[in-house]
Amino acid sequence: GIFCYESCPRILNCDIVGESVDGHGAGMLVMRCSPDIVSCRFLNGTAQGHGGAIYILEGASPQIENCLFDGNRASWGGAITCTIDCDPILTGCSFVGNEAFNVGGVLYIRSRSDPLIRDCSFTGNIQSGNVSAGGAAITIYGSGNLGGPCLPIVDGCILEDNVCDG
């Protein structure tokens with residue numbers, strides 16, 4: 001995968017396929033930076049921790065546009081986890097068939113993070129393994145590491161056929 005730390009690359013038209021990690025962010029880990037990620041495909045990534053495709057943390061604010069996230073899996077945030085003061089912008093992305101084994105079938109948002117999620121589609125994603133949790137597509141959890149409220153904006157998105165199967 002790709003590790004972005006205190007840097008701002010432009011990542012364009014890339015396929016990130018089949019990455020696997022025992023920790024977080026199988027396809028990409030974004031920390032303390034704001035890269036542009038445009039027209040990329042994140043396919044079949046697996047993280048034992050957070051973010052089957054991308055783990056965004058500690059003040060990172062990537063702009064993610066027109067990307068496909070398909071078949072990614074993680075314990076938290078099947079496709080993406082966003083935590084600790086992060087403000088990513090996701091525009092025109094498609095999330096299909098991602099799975100979280102705890103919470104956030106696609107997105108797990110926590111700890112004072114305020115993403116803007118605009119014109120994205122969430123189809124056929126699954127949250128499994130936690131009977132007391134929900135969020136087959138999106139889970140928003142204000143507490144946790146460095147807790148505090150999360151204020152995401154979800155605008156013009158389509159959520160369809162997502163399943164909580166605890």
For the side chain of [X] and the backbone of [Y], is there at least one donor-acceptor N/O pair under 3.5 Å apart?
| X | Y | answer |
| --- | --- | --- |
| N72 | G45 | yes |
| S7 | C4 | no |
| N125 | N98 | yes |
| S75 | Q48 | yes |

Residue pair [X] / [Y]: nearest heavy atoms and the distance that separates them:
| X | Y | answer |
| --- | --- | --- |
| F95 | L90 | CZ-CD2, 3.6 Å |
| C150 | R112 | SG-N, 3.7 Å |
| A74 | G51 | CB-N, 3.8 Å |
| C120 | G92 | SG-N, 3.9 Å |
| A100 | G78 | CB-N, 3.7 Å |
| G135 | C164 | N-SG, 3.6 Å |

Hydrophobic cluster membership, with links at side-chain heavy-atom distances under 4.5 Å among I/L/V/M/F/W/Y: are [X] and [Y] in one?
| X | Y | value |
| --- | --- | --- |
| I2 | L43 | no |
| I89 | I80 | no |
| L151 | V154 | no |
| I37 | L107 | yes |
| L159 | V163 | no |

Name of the residue among [options] meeting side-chain contact (heavy atoms from CB on, under 4.5 Å) with [X]:
| X | options | result |
| --- | --- | --- |
| I117 | D155, I109, I64 | I109 |
| F122 | I138, I158, D161 | I138 |
| W76 | N102, N130, T139, T83 | N102 |
| C67 | C14, C93, S39, S94 | C93 |

Show me the side-chain donor-acceptor pairs of residues 19-33 shorter than 3.5 Å, one per line, residues at least two apart or across chains.
residue, atom, partner, partner atom, Å
E19, OE1, G1, N, 2.8
H24, ND1, H50, N, 2.8
R32, NE, E58, OE1, 3.0
R32, NH1, Y5, OH, 2.9
R32, NH2, E58, OE1, 2.7

Return the [atom1] to [atom2] distance between [X] and [Y], rounded to the nearest 0.5 Å.
| X | Y | atom1 | atom2 | result |
| --- | --- | --- | --- | --- |
| I11 | D36 | CD1 | CG | 9.0 Å |
| I140 | C82 | CD1 | SG | 10.5 Å |
| I56 | Y108 | CD1 | OH | 14.5 Å |
| R41 | D70 | CZ | CG | 9.0 Å |

*Using a 4.5 Å cut-off on heavy atoms from C-beta on, say whether the side chain of I54 contacts that of P88.*
no
